[in-house]
Asker: 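There's a structure below that I have some questions on.
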Amino acid sequence: METQASVAVIGGGIVGSCTALSLQARGFRVTLFAPAVTREMTSYGNAGVITHASVIPLNIPGVLGKLPRYLFNRDPALRIAPQFLPRVAPWLLRFMRDCEPASVARRAKALDQLIRPALAAHRRWAHAAHAEALFHERGWTKLYRHPQAYERTHGERQLWGENGVAFEPLEGEALESIFDGASRHYSLGMRIPDTAHVDSPGALVACYRALFVARGGEWREGSVAGVEPVTGGYRVAGHADTFAQAVICAGPWSNELVRPLGYRLPMAFERGYHQEFALDAGQQLNMPFHDVEGAFVCTPMNDGVRVLTGIEFAHRDARPTPHQLRRVLPQVREVLKLEAPRGEPWLGRRPSLPDGLPVIGAAPRHPGLWFGFGHGHIGLSTGAVTGEWLAEALVSGEEAPSRAAFSPSRWLGAGAD
């Protein structure tokens with residue numbers, strides 16, 4: 001088999017699908033190795049929000065003051081499984097070290113490169129995939145029950161301003177534009193207009209994958225156990241073909257593929273839960289919102305509402321423990337008229353690195369092997385841009401110097417995950 005322009009993309013969530021499409025558009029012969037699009041996918045369950053506001057990494061100075069609450073699971077925004085704390089402690093120490101203001105500002109600038117063009121990149125693929133109806137550009141809102149909570153987030157708004165994020169305050173009757181009754185529960189809001197939400201992320205992945213196949217791409221269904229360097233390129237475990245290059249986009253399963261090759265990336269998993277509900281016919285949710293003090297997100301989705309929790313740190317494959325969901329639902333019911341739940345709670349595992357930046361670029365010790373994973377809670381937002389960056393790198397054969405903050409080489413020599 002001729003392998004000069006053949007590429008194996010491993011992982012078919014939003015990042016892998018967009019990477020396969022971008023490589024295909026540049027003339028590569030792409031084979032996508034991925035399971036079917038199911039409810040178990042990490043890309044299936046999220047808030048569906050694509051927003052410029054995501055330039056702010058999770059580890060910011062205000063996090064340090066909340067550390068005691070986090071460690072004792074007193075804050076609904078974060079839960080650490082007690083038996084998992086010894087294992088995640090080294091990751092958390094690295095995470096906390098990056099809360100220093102200069103580090104936050106530097107990483108926000110880097111994230112701006114990835115997030116600013118995200119919506120435009122998705123618009124292009126959505127148009128080609130006839131998936132435009134899944135996108136709704138109505139904005140994204142942070143809501144504050146008390147003025148003190150708003151004042152405590154001054155640093156976030158400063159970072160938005162430094163990175164050109166447009167935002168506008170809402171109060172009084174203006175809050176009713178989010179949903180009927182919002183002004184009774186919240187004193188202030190902050191709307192970010194440069195935002196879209198997708199009303200079914202799983203359907204979007206299916207549309208992108210269908211476009212890839214319709215354009216002549218090959219999809220091999222199933223999970224991948226390993227990637228092996230061979231003469232002339234790479235071979236995927238269980239398959240005889242040799243590919244000139246390979247791209248690892250397997251999300252929370254990526255470390256299992258790269259570890260045998262000598263890469264030990266410090267990855268943790270932002271486990272998160274959601275559950276969907278019908279909404280009372282007398283109330284309409286017009287745009288996604290984040291209740292800052294309640295630590296939950298609500299997104300209009302699938303003709304209902306999807307309620308999402310904060311982060312849980314636990315072993316990736318530990319059984320679901322939806323304590324946070326049970327904790328926030330009474331608060332959600334205070335502001336939204338939820339009717340019957342639609343199915344059981346969903347659990348997702350978002351792969352995250354302690355600096356809050358994904359790895360996008362060349363494997364330092366294996367020419368022709370590329371990484372695109374570790375996107376944490378911004379995978380849907382940034383999947384299309386990640387795919388473009390990786391495709392450009394494969395064409396040129398090297399990473400762009402301006403994107404060095406995302407290079408896998410920054411973790412070369414890092415300790416165990």
Side-chain angles (χ1 to χ4, degrees), residues 7-51 54 114-115 117-138 140 195-223 247 249-251 274 276 287-288 299-306 308 342-343 346 348 350 372-373 375 377-391:
V7 182
V9 175
I10 295 129
I14 194 68
V15 175
S17 297
C18 289
T19 299
L21 283 168
S22 294
L23 288 165
Q24 185 183 56
R26 287 164 175 80
F28 290 95
R29 295 194 305 281
V30 184
T31 301
L32 178 65
F33 294 85
V37 178
T38 68
R39 197 172 187 268
E40 284 67 42
M41 291 181 65
T42 302
S43 294
Y44 176 92
N46 50 60
V49 174
I50 302 167
T51 178
S54 295
L114 187 62
I115 290 168
L119 184 51
H122 271 294
R123 285 194 194 109
R124 292 191 290 272
W125 287 130
H127 176 74
H130 305 292
E132 292 161 303
L134 296 174
F135 287 77
H136 308 275
E137 299 189 29
R138 301 174 189 160
W140 156 249
T195 299
H197 74 271
V198 178
D199 62 14
S200 180
L204 182 64
V205 173
C207 288
Y208 285 176
R209 192 178 296 185
L211 175 63
F212 167 74
V213 173
R215 289 183 166 183
E218 182 181 0
W219 167 36
R220 298 190 188 178
E221 183 176 345
S223 300
V247 188
C249 301
H274 84 234
E276 292 187 4
M287 69 184 76
T299 299
M301 197 170 288
N302 299 322
D303 297 319
V305 58
R306 179 176 284 185
L308 302 102
R342 297 172 172 171
W346 176 90
R350 295 164 294 196
F373 55 86
H375 292 73
H377 63 289
I378 58 171
L380 180 76
S381 289
T382 59
V385 178
T386 296
E388 291 185 356
W389 284 10
L390 285 167

Asker: Is any side-chain heavy atom of R350 closer than 4.5 Å to one of T42?
Answerer: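 Counting from C-beta outward, T42 and R350 do come under 4.5 Å.
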Asker: Find the distance between SG (C249) and NE2 (H375) and round it off to the nearest 0.5 Å.
Answerer: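 The SG atom of C249 sits 8.0 Å away from the NE2 atom of H375.
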Asker: Is there side-chain contact between L23 and L390, with heavy atoms separated by less than 4.5 Å?
Answerer: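 The answer is no; the side chains never approach within 4.5 Å.
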Asker: Applying ring-ring contact (aromatic ring centres under 6.0 Å, His included), can you list everything that pairs with H136, at least two apart in sequence or on another chain?
Answerer: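 Expected list: H197.
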Asker: Please name the pair of heavy atoms, one in L380 and one in G48, separated by the smallest distance, quoted to 0.1 Å.
Answerer: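 Nearest heavy atoms, L380 then G48: CD2-CA, 3.4 Å.
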Asker: To the nearest 0.5 Å, what is the distance between OG on S54 and CD1 on I378?
Answerer: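 Result: 6.5 Å between the selected atoms.
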Asker: Passes side-chain contact (heavy atoms from CB on, under 4.5 Å), M301 versus H274? Steps please.
Answerer: CA-CA 12 Å; M301 197 170 288; H274 84 234; over 6 Å; no
Asker: Under a 4.5 Å cut-off applied to non-hydrogen side-chain atoms, are S22 and W389 in contact?
Answerer: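 SC-SC contact between S22 and W389 ruled out.
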Asker: Of all heavy-atom pairs between V15 and G379, which one has the smallest distance, and what is that distance?
Answerer: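 Scanning both residues completely, I find the closest heavy atoms to be CG2-O, 4.3 Å.
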Asker: Going from CZ on R342 to CG on N302, what distance comes out if it is rounded to the nearest 0.5 angstrom?
Answerer: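 One gets 7.0 Å once the value is rounded to the nearest 0.5 Å.
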Asker: Report yes or no: does T382 contribute a side-chain atom to a donor-acceptor pair with the main-chain N or O of L114 at less than 3.5 Å?
Answerer: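 Absent.
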Asker: Return the minimal non-hydrogen interatomic distance between W125 and A25, and the atom names on each side.
Answerer: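 Taking every non-hydrogen atom into account, CH2-CB, 4.3 Å.
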Asker: Can you name the nearest heavy-atom pair linking C207 to L134, along with the distance?
Answerer: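 Looking at all heavy atoms of both residues, the closest pair is SG-CD1, 4.3 Å.
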Asker: Excluding sequence neighbours, so at least two apart, what forms ring-ring contact (aromatic ring centres under 6.0 Å, His included) with F212?
Answerer: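 ring-ring contact (aromatic ring centres under 6.0 Å, His included) list for F212, sorted by chain: empty.
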Asker: Would you say the side chain of S43 lies within less than 4.5 Å of the side chain of P201, judging by non-hydrogen atoms?
Answerer: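 In short, these two side chains do not touch, never coming nearer than 4.5 Å.
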Asker: Is there a side-chain contact between V198 and H122 in this structure, where contact means two heavy atoms from C-beta onward sitting under 4.5 Å apart?
Answerer: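 With C-beta onward as the side chain, the pair stays apart.
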Asker: Check L32 against G11 and note the closest heavy-atom contact, atom names and distance.
Answerer: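 Looking at all heavy atoms of both residues, the closest pair is CD1-O, 3.5 Å.
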Asker: Show the numbers, then the answer: is there a side-chain contact (heavy atoms from CB on, under 4.5 Å) between L119 and E137?
Answerer: CA-CA 10 Å; L119 184 51; E137 299 189 29; 4.0 Å; yes
Asker: Between atom CD of E276 and atom CZ of R306, what is the distance when rounded to the nearest 0.5 Å?
Answerer: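 Answer rounded to 0.5 Å: 4.5 Å.
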Asker: For the atom pair CD (E218) and OG1 (T31), what is the distance rounded to the nearest 0.5 Å?
Answerer: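 The OG1 atom of T31 is 4.5 Å from CD of E218, to the nearest 0.5 Å.
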Asker: Any side-chain heavy atom of L204 sitting closer than 4.5 Å to one from F135?
Answerer: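 Yes. Closest side-chain heavy atoms under 4.5 Å.
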Asker: To the nearest 0.5 Å, what is the distance between CG (L211) and CZ (R209)?
Answerer: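 So the gap between those two atoms works out to 12.5 Å.
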Asker: At their closest point, which heavy atom of S17 faces which heavy atom of G12, and how far apart are they?
Answerer: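 For S17 and G12, the tightest heavy-atom pair comes out as OG-O, 3.0 Å.
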Asker: Residues in ring-ring contact (aromatic ring centres under 6.0 Å, His included) with W140, at least two apart?
Answerer: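 Listed in chain order: nothing, the list is empty.
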Asker: Are side-chain heavy atoms of I50 and S381 found at a separation under 4.5 Å?
Answerer: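 Touching, per the 4.5 Å side-chain cut-off.
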Asker: Apply side-chain contact (heavy atoms from CB on, under 4.5 Å) to residues I14 and Y208 and explain how you reach the verdict.
Answerer: CA-CA 8 Å; I14 194 68; Y208 285 176; 3.7 Å; yes
